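Everything below concerns the one structure shown next.
By convention here, the first residue in the shown sequence is residue 1. Keep in mind that what you see is a predicted model, and the values were worked out from it rather than measured.
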Amino acid sequence: MQVTDTLNEGLKRGFTITIPAAELAEKRDARLKEVAANLTLPGFRPGKVPVSLARQRHGEAVRAEVLEQAVSESLRAALEERGLRPAGQPQVELVSGQEDDGKDLEFKVETEILPEITVPDLSDLSLTRLKAVASDEAVDKILADVAKRQRTFETIEEVRPAVKGDVLSVDFVGKRDGVPFDGGTAQDVNVEIGGEGFIPGFAEQIEGMKPGEEKQITVTFPENYGAEELAGKEATFDITVKELKKPVDAPIDDELAKLLGFETLEQLRDLVRKQVEGEYDQLSRLRIKRDLLDALATKTDFQAPEGMVDAEFQQIWQRVEADRKAGQLDDEDKDKDEDTLRADYRKIAERRVKLGLLLAEIGRKNAITVTQDELGRAMRAEAMRYQGQEKEVFTFFQNNPQAIESLRGPIFENKVVDYLIELAKVEDKEVTPEELSDIPPADI
């Protein structure tokens with residue numbers, strides 16, 4: 001094998017590899033002998049099929065197999081010999097030898113490589129861990145929401161118009177162009193006047209109705225409505241009011257707790273408090289991780305592979321364009337022109353790539369790995385997100401190793417982050433839940 005360097009600019013490398021035709025022919029003949037030895041053909045004893053017959057039947061497939069293997073092995077050897085780690089899939093262009101014409105195999109390779117990364121001094125890492133306590137008021141608010149979800153409805157005997165806070169029990173028939181549509185008909189539906197959960201304009205237009213009254217209303221479904229055939233479309237509803245009711249929240253007491261599977265209200269309060277503090281702990285981790293990454297970003301004094309930045313930017317930009325079309329751009333981005341937006345998000349992409357490479361190097365230097373048990377737990381957690389389809393999710397992972405690898409990255413990153421937080425000088429600071437939730441944008 002002969003390797004000739006052709007490109008050495010920044011992180012870009014290029015070379016031409018030549019493999020003698022005789023070497024390829026030798027490998028091809030050896031492979032054909034293996035194929036012949038395992039062929040089963042009428043008239044021939046096992047292992048006695050002539051190589052010439054194997055060549056006739058499988059010569060093209062064997063030649064392609066040997067060619068692919070030769071390219072792969074020689075490319076890997078050339079990279080290892082030069083101590084290069086590709087930042088992506090190398091580009092390979094065959095020049096000669098791909099045909100059965102006796103010519104040497106020659107191909108060109110161009111690739112970007114990972115930069116040399118020196119793990120910086122981490123002894124000066126200093127972080128603040130923000131902590132918030134679940135107040136009695138926060139617990140009471142959640143319990144009030146729980147009681148509201150367990151509420152009952154009492155019939156109001158007085159015949160009067162419905163006002164905000166009342167509930168109307170109605171039958172309705174939804175129509176498009178005068179024709180009922182699927183899913184648009186229902187009976188005995190409770191609609192809270194001034195409440196949420198219905199199509200915008202529905203509850204507002206039945207305010208003031210009384211039991212026994214009928215009315216037709218017109219509404220427009222939201223653009224993001226779940227049924228595509230109705231999204232953004234206008235429809236009418238024929239409404240018949242059957243009862244006027246008032247909602248009655250469940251008392252916050254031991255009986256409510258028992259209804260939810262607890263023995264006492266105190267047990268329910270303890271669980272709610274732990275859940276609230278668990279959410280605070282997650283926010284606290286997000287904050288300290290953000291601060292850690294900001295600190296590390298100042299230490300990434302190496303060049304990022306352009307191809308990796310391009311790929312990261314494209315992923316980010318797709319989300320930006322989707323948000324822009326949906327009118328959901330962040331306030332700070334709304335007035336920026338496209339060139340400015342692209343420049344800003346290109347910087348974010350470069351930051352992410354550099355931080356990812358630095359974290360990977362820190363993990364590699366400190367022998368941080370992801371275990372099979374950790375991957376298994378991540379797969380189970382992912383499967384739990386799809387209730388009733390857990391088996392299909394596991395089958396998907398079994399059949400798609402790349403999907404399993406997509407779980408490995410976040411686990412590895414979090415383990416490296418945990419390692420660095422343990423290494424850092426961390427000061428705990430108590431703050432309000434509002435201060436904890438106010439996560440500033442990342443430094444770019």
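Side chain of Ser284 to main chain of Leu130: a donor-acceptor pair is present (N/O by atom type, distance under 3.5 Å, no hydrogens or angles). In this structure, Asp337 contributes its side chain and Asp339 its backbone to a donor-acceptor pair below 3.5 Å. No side-chain donor-acceptor contact under 3.5 Å links Lys354 to the backbone of Ala297. Within the 3.5 Å criterion, the main-chain N or O of Glu306 finds a donor-acceptor partner in the side chain of Glu112. The closest donor-acceptor contact from the side chain of Arg176 to the backbone of Phe181 lies at 3.5 Å or more, if one exists at all. Between the side chain of Asp330 and the backbone N or O of Asp333 there is no donor-acceptor pair closer than 3.5 Å. Judged by distance alone, the side chain of Gln69 and the main-chain N or O of Val66 form no donor-acceptor pair under 3.5 Å. A donor-acceptor pair is defined here as one N or O able to donate and one able to accept, closer than 3.5 Å; no such pair exists between the side chain of Asn8 and the backbone of Arg13. Looking only at distances, no side-chain donor or acceptor of Arg129 sits under 3.5 Å from a matching main-chain atom of Arg285. Between the side chain of Asp438 and the main chain of Glu435, no donor-acceptor pair closer than 3.5 Å is present.
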Tell me, with the steps shown, if Asp373 and Thr371 meet side chain to side chain donor-acceptor pair (under 3.5 Å). CA-CA 5 Å; Asp373 283 347; Thr371 67; 5.3 Å; no

Take Lys347 and Glu350 through the test salt bridge (Lys or Arg N to Asp or Glu O under 4.0 Å) and record every step on the way to the result. CA-CA 5 Å; Lys347 289 178 183 177; Glu350 184 175 0; over 6 Å; no

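Looking at Asp136 and Lys141, no side-chain N of the basic residue comes within less than 4.0 Å of a carboxylate O on the acidic one, giving no salt bridge. By the 4.0 Å N-to-carboxylate-O rule, Asp418 lies too far from Lys415 to be salt-bridged with it. A salt bridge is absent between Lys299 and Glu361: the closest approach of a Lys/Arg side-chain nitrogen to an acidic carboxylate oxygen does not fall below 4.0 angstrom. With respect to the salt-bridge test (charged N to carboxylate O, under 4.0 angstrom), the residues Glu338 and Arg342 qualify. A salt bridge links Lys164 with Glu207: at least one charged nitrogen is closer than 4.0 Å to a carboxylate oxygen. For the pair Asp124 and Lys425, the salt-bridge criterion is not met [side-chain N within less than 4.0 Å of a carboxylate O].
Relative ring orientation between Phe221 and Phe237 is described as tilted, the plane-to-plane angle lying within the 30° to 60° band. Taking the six-membered ring where tryptophan is involved, the planes of Trp317 and Phe313 are essentially parallel, since the angle between them stays under 30° and well short of 60°.
Applying the ring-ring contact (aromatic ring centres under 6.0 Å, His included) rule to Tyr386 yields no partners; only residues at least two apart in sequence or on another chain are considered.
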